[in-house]
**Q** 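Next up is a structure, given as structure tokens.
We count ligands from 1, going down the list as the structure has it; atoms in each ligand are counted the same way. Numbers for residues simply follow the sequence, beginning at 1.
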Amino acid sequence: MRVLVILCGFVATVAALSMRREDQHEKGHKVVPALFDGKCYYPTGDPHFPKNLEQYMGTWYQVAGTPFGPTASARCVKAEYKLTSAGSVAVTNTAKVGDRAIVANGTAYPQNNEYGRSGVLKVMFPGSPDDPCPGPNYIVQAYAHDHAVVQTPNWDVLYVLSREQHPGVAKIGEWIEHAVALGSNRTEIMEFDQNSC
Ligand SMILES: *[C@@H]1O[C@H](CO)[C@@H](O)[C@H](O)[C@H]1NC(C)=O
Ligand SMILES: *[C@@H]1O[C@H](CO)[C@@H](O)[C@H](O)[C@H]1NC(C)=O
């Protein structure tokens with residue numbers, strides 16, 4: 001399938017209707033690049049995502065993001081990634097709801113080049129409904145050694161991931177700003193609780 005690079009103005013279109021020109025300018029950005037495959041819009045992956053996937057493996061704590069599904073009321077949301085010999089990634093997501101621990105094990109597959117050269121994966125969990133988007137559902141928009149900003153198609157769900165469980169409010173705030181600059185909807189973003197784990 002041919003993938004066209006387009007300028008994705010959906011956020012800007014809505015904002016432009018209700019904002020004066022100078023307000024739009026103050027808010028900055030709001031027009032971000034996307035890929036389109038006829039069904040969905042995909043954020044573009046960070047070109048600095050590690051070429052060697054091993055560097056991305058290990059533990060990531062979700063410190064902010066868009067509440068979604070079973071993690072919406074959960075705390076201590078954590079992901080463990082482990083490279084398999086087949087080149088896929090074994091995913092173990094854990095969280096707590098009250099005293100109850102929840103676990104979801106899945107597999108992530110790096111996607112082909114049409115969707116970007118790096119940082120684009122498709123994560124699948126057994127029993128999950130079919131994904132309406134043919135492309136990746138885990139796009140690392142920004143990667144640094146200590147954090148990652150991850151989005152899904154159509155900017156539906158944001159995950160702000162940290163190597164440290166408690167990176168501090170200043171860093172989390174900065175990372176959220178970056179996610180907003182990359183097209184995430186600020187009003188929908190919440191900090192995630194990593195206490196009493
Ligand atoms: C952002 O999210 C809020 C809350 O869901 C919604 O009301 C608003 O329309 C969204 N903004 C855009 C630009 O989509
Ligand atoms: C999920 O994966 C972890 C670590 O790989 C394993 O210990 C656990 O038994 C698995 N749980 C389920 C429900 O498959």
Side-chain angles (χ1 to χ4, degrees), residues 6-36 39-44 53-54 56-62 64-74 76-109 121-129 132-133 138-139 141 149-161 163 165 173 175-192 197:
I6 61 147
L7 284 179
C8 180
F10 73 100
V11 185
T13 315
V14 177
L17 296 174
S18 57
M19 264 189 228
R20 286 174 302 127
R21 194 182 182 85
E22 50 272 38
D23 292 339
Q24 287 179 42
H25 197 73
E26 277 164 27
K27 305 254 174 188
H29 73 267
K30 290 303 184 194
V31 177
V32 297
L35 295 161
F36 180 58
K39 285 227 160 139
C40 300
Y41 296 95
Y42 304 86
T44 51
L53 202 50
E54 190 63 61
Y56 193 69
M57 300 297 97
T59 303
W60 289 101
Y61 298 94
Q62 182 167 1
T66 318
F68 160 78
T71 65
S73 54
C76 310
V77 180
K78 181 173 90 167
E80 300 272 358
Y81 301 144
K82 196 170 188 303
L83 207 54
T84 71
S85 52
S88 60
V89 177
V91 177
T92 305
N93 287 341
T94 54
K96 276 196 167 163
V97 178
D99 288 335
R100 198 162 56 88
I102 52 177
V103 183
N105 288 351
T107 310
Y109 303 89
L121 298 113
K122 188 136 182 142
V123 187
M124 301 209 266
F125 293 97
S128 299
C133 298
Y138 185 109
I139 298 128
Q141 293 184 288
V149 175
V150 179
Q151 258 292 358
T152 59
N154 304 321
W155 278 260
D156 276 342
V157 181
L158 170 73
Y159 307 92
V160 178
L161 306 179
R163 284 296 194 188
Q165 190 166 21
W175 301 340
I176 289 174
E177 285 310 310
H178 197 181
V180 170
L182 294 169
S184 290
N185 183 340
R186 184 193 301 277
T187 359
E188 294 183 338
I189 303 174
M190 290 180 62
E191 287 194 26
F192 275 50
C197 298

**Q** Apply salt bridge (charged side-chain N to carboxylate O under 4.0 Å, His left out) to Glu177 and list each qualifying residue two or more places apart in sequence or on a separate chain.
**A**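 Glu177: salt bridge (charged side-chain N to carboxylate O under 4.0 Å, His left out) contacts with Arg186.
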
**Q** Show the numbers, then the answer: is there a side-chain contact (heavy atoms from CB on, under 4.5 Å) between Tyr81 and Val91?
**A** CA-CA 5 Å; Tyr81 301 144; Val91 177; 3.8 Å; yes

**Q** Exactly which residues line ligand 2, taking a heavy atom under 4.0 Å from it as the test?
**A**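 Residues near ligand 2: Thr92, Asn105.
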
**Q** If only atom types and distance count, is the side chain of Arg163 paired as donor or acceptor with the main-chain N or O of Thr59 below 3.5 Å?
**A** yes

**Q** Ignoring hydrogens and geometry, is there a side-chain-to-backbone donor-acceptor pair from Trp155 to Leu182 under 3.5 Å?
**A** yes

**Q** So, the side chain of Thr84 versus the backbone of Ala90: is there a donor-acceptor pair under 3.5 Å, distance only?
**A** no

**Q** Looking only at non-hydrogen atoms, find the nearest pair between Leu158 and Gln62 and report the distance.
**A**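 So the minimum-distance heavy-atom pair works out to O-NE2, 3.7 Å.
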
**Q** For Glu188, take its heavy atoms, then give the atoms of ligand 1 lying under 4.0 Å from any of them.
**A**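 By the 4.0 Å cutoff, the relevant atoms are 2 (O), 4 (C), 5 (O).
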
**Q** According to the interplanar angle, ranging from 0 to 90°, do the rings of Phe36 and Tyr41 count as parallel (below 30°), tilted (30 to 60°) or perpendicular (above 60°)?
**A** parallel

**Q** Which of the atoms of ligand 1 are close to Thr187, meaning less than 4.0 Å from one of its heavy atoms?
**A** 1 (C), 2 (O), 3 (C)

